[in-house]
2 protein chains.
Amino acid sequence: MSASSGVPDGRRPTLADVAARAGVSTALVSIVMREAKGASAATRERVLQAARDIGYRPDARARLLRSQRSRLLGVQFGLQHPFHTDLVEGLYAAAEPAGYQIALSAVAAGRGEQRAVETLLDDRCEALILLGPQAPAARLAELAGQVPVVSVARRLRPSIPGLEVVRTADDKGARQAVDHLVELGHRDIAHIDGGRAPGAADRRRGYRTAMNRHGLAEHIRIVPGGLTEEDGADAARALSADRPRPTAVLAFNDRCATGVLDVFLRCGIAVPDDISVVGFDDSHLARLAHIDLTTVGQDIPRLAQLAVGRAIARLEADETADETVAVGEQVIAPHLVVRSTTAPPR
Amino acid sequence: MSASSGVPDGRRPTLADVAARAGVSTALVSIVMREAKGASAATRERVLQAARDIGYRPDARARLLRSQRSRLLGVQFGLQHPFHTDLVEGLYAAAEPAGYQIALSAVAAGRGEQRAVETLLDDRCEALILLGPQAPAARLAELAGQVPVVSVARRLRPSIPGLEVVRTADDKGARQAVDHLVELGHRDIAHIDGGRAPGAADRRRGYRTAMNRHGLAEHIRIVPGGLTEEDGADAARALSADRPRPTAVLAFNDRCATGVLDVFLRCGIAVPDDISVVGFDDSHLARLAHIDLTTVGQDIPRLAQLAVGRAIARLEADETADETVAVGEQVIAPHLVVRSTTAPPR
DNA sequence: ACATGAGGCTAGAACGTTTTACAATCGACG
DNA sequence: CGTCGATTGTAAAACGTTCTAGCCTCATGT
């Protein structure tokens, strides 16, 4: 029996209710609500008052069912990846001022990318922003055929039409990490890789070329890893049994590095005294003082800004049939953040 | 020029397209797509084939514009709270088998609860599941007047109609933590509280009564804190200057505890040798071996399951005008998880 | 032979918006 | 004094579904 809403029955108030109360047509109410021109200041105020009175809120679904534009950007992200949640925060910040909404769809245990993307598509998102997508390139190409797609942090053949890539120069990042370690005096530097994860191939390559460049070819050691703490832990266990043990490790990402730190800690291997550890991403995780991880920083706000920018550019271009948007790929530079998990070898 | 879609122009295929191709009415296609009864096996197959041919996917917006039920549960969560992301994972797992969809709306820097809830409402969610909402009770009551609301982890006057509460027995949790510390031999136990955060009052009270019960009334010390690492760090700095310094600290939650650990670490105060630290939530964070925090565990999958269950119960009850759902509040027991940040005092 | 009922299907009206096309009013200008 | 162009407003047709009512057809029971 809550009388907070102005309509008698339980229904949510609609345009028609507002129109009736203000004594105008629904079309006019629509004009006022959209802040379009075509209404006098006086009626505008009268309509707004009526809307306030009965607690009217436009129905987003109906609205975008009618108007072709939904101004909705679908975002797929990994719930448990700090790097992704940081990115999402940036995406909100970039999209809302530009007049676009974000629709979130999480990838989690029991909910794969396929499912995540499907729900976004069903919601009629105009473009898809995929954070570190793992789907096969063919699948992404297929998607890009239906709707503009921005892949963040995953490199892809730039020739796929309708597909934009925004990413950090992963190879360069790995190189920076190796340079830093070499500068500290390390020679035996291992890399725990990310397997087939987005960016893994580039980081692997960056590591390899940097090692070669420093004349450390024979010390190249790549341990299979992954992108979770568990993957890092497994790799670290393998590594700590190796002889000679490397004096430094570059992990695929911060989560992986955290797993590495854990294992070393429990085995009594001191970081950074016995071994140095470098992560990748500079997510929230790395900044926790208890972890305080030296890591390769990605410029997260920038990545988010660019991703939204590319998606929107694509949309507005499609609208005007303007073909001058063929950028395809934006690569931005990483920068090393030195914290306390790296030091000269003993 | 991508011919992947079966319709000539760029349009997304609709019911009508499928109907035309299969040579039936749109109503029948609708019946088939919804797996409703009223179509023969033969035509059913023919329609499905046509749908596949042209790559038809139902339009979620149009669908729920028409059908009164949207089967959509709106979830408000804090992007940066591991406890929340863990919960969201559980919510997906609970909702999808029940035939409900989850719509996510994040609270983040620059995007408050008000905004988060508004977008959910605009999307015509049938019910709202709010994770640790901080909004004033009056606001929540107002919301609950419009739509069933489930508050997770935030206690509220159970008398508010349309509002369900699912939470952990926070007071009991705090008591368990204090009991554990007392058992280890601690007497001087401080509490860094959560201020006005959800659950903070109960945890404060639980701490206080437990201390009293153990005859440690004069050692009660409550330091103002909050729910982020920064809040914990500030409190820890204050605490480490105090004389006598407490031998144990119960922090408001895991994030706060992490901040505490950081500061102690940097000040050269050893945990658990010089001081024991207990967190709250048992989120991902606490389990990171580098942190390995003794904490009060909340049964996250259970909380999620119950939250979805209550929301759905409410909806189905409203539907049948059945008034037997007045549960209002579900409180579930916490359990202490002992890890490596607690030990007997020196 | 005739009602009865069930299965299979369709026409057409919703749902709550936006959009298009057009009508009325009014001041100004020739 | 008629005509023009703004301005302010409206009626009605979309948008892509679901839902209600009802129409066939055919088998069944009497």
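Residue numbers begin at 1 in each chain, while the letters A, B, ... track the order of the sequences.
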Pair A:Leu91, A:Leu131 - check side-chain contact (heavy atoms from CB on, under 4.5 Å), show working.
CA-CA 11 Å; A:Leu91 292 173; A:Leu131 307 191; 4.2 Å; yes
Let me see the working for A:Val107 and A:Leu79 under side-chain contact (heavy atoms from CB on, under 4.5 Å), right down to the final yes or no.
CA-CA 6 Å; A:Val107 171; A:Leu79 253 185; over 6 Å; no
Between D:dG16 atom P and A:Asp123 atom CG, what is the distance in whole Å?
16 Å
For the pair A:Val149 and A:Leu130, evaluate side-chain contact (heavy atoms from CB on, under 4.5 Å) and give the outcome as yes or no after the intermediate values.
CA-CA 7 Å; A:Val149 171; A:Leu130 309 180; 3.9 Å; yes
If you draw a 6.0 Å radius around CZ in B:Arg52, do more than 12 non-hydrogen atoms from other residues or ligands fall strictly inside?
yes
Are OP1 or OP2 of D:dG16 and a side-chain N or O of B:Thr14 less than 4.0 angstrom apart?
no
DNA chain C nearest-nucleotide lookup for B:Ser25 and B:Ser67: closer to the 5′ end is B:Ser25
Taken to the nearest whole Å, CG/A:Leu15 to C1'/D:dA11 is 15 Å
Are any of the side-chain nitrogens in A:Arg44 or A:Glu35 under 4.0 Å away from the carboxylate oxygens of its partner?
no
If you count the non-hydrogen atoms of other residues, nucleotides and ligands that lie under 6.0 Å from CZ in B:Arg46, is the total more than 12?
yes
Roughly what angle, to 10°, lies between the helix axis at the start of the helix from C:dA1-D:dT30 to C:dG30-D:dC1 and the one at its end, five pairs per end?
60°
Rounded to whole Å, how long is the line connecting atom CZ of A:Arg69 with atom P of D:dC15?
18 Å
Could you give the CG-to-C1' distance, from B:Leu28 to D:dT17, as a whole number of Å?
15 Å
Between A:Arg115 and A:Ser105, do the side chains contain a donor N or O and an acceptor N or O under 3.5 Å apart?
no
Please give, in whole Å, the distance from D:dG16 C1' to A:Asp122 CG?
13 Å
Is a salt bridge present between B:Glu89 and A:Arg111, judged by a nitrogen-to-oxygen distance below 4.0 Å?
no
What range of DNA chain C does chain B touch, first nucleotide to last, counting atoms under 4.0 Å from its heavy atoms?
C:dG8 to C:dG16
What integer distance in Å separates A:Arg61:CZ from D:dG16:P?
16 Å
Are more than 12 heavy atoms, taken from residues, nucleotides or ligands other than A:Arg139, located less than 6.0 Å from that residue's CZ atom?
yes
Would you mind reporting whether B:Val165 and B:Arg154 have side-chain heavy atoms less than 4.5 Å apart?
no
Whole angstrom is fine here: how far is it from CG in A:Leu65 over to P in D:dT17?
9 Å
Between A:Glu126 and A:Arg71, is there a side-chain N and carboxylate O pair less than 4.0 Å apart?
no
Residues of residues 30-50 of chain B with a heavy atom under 4.0 Å from any atom of DNA chain C, listed by number, are B:Gly38, B:Ala39, B:Ser40, B:Thr43
I need the CG-C1' distance between A:Asp59 and D:dG16, as an integer number of Å.
14 Å
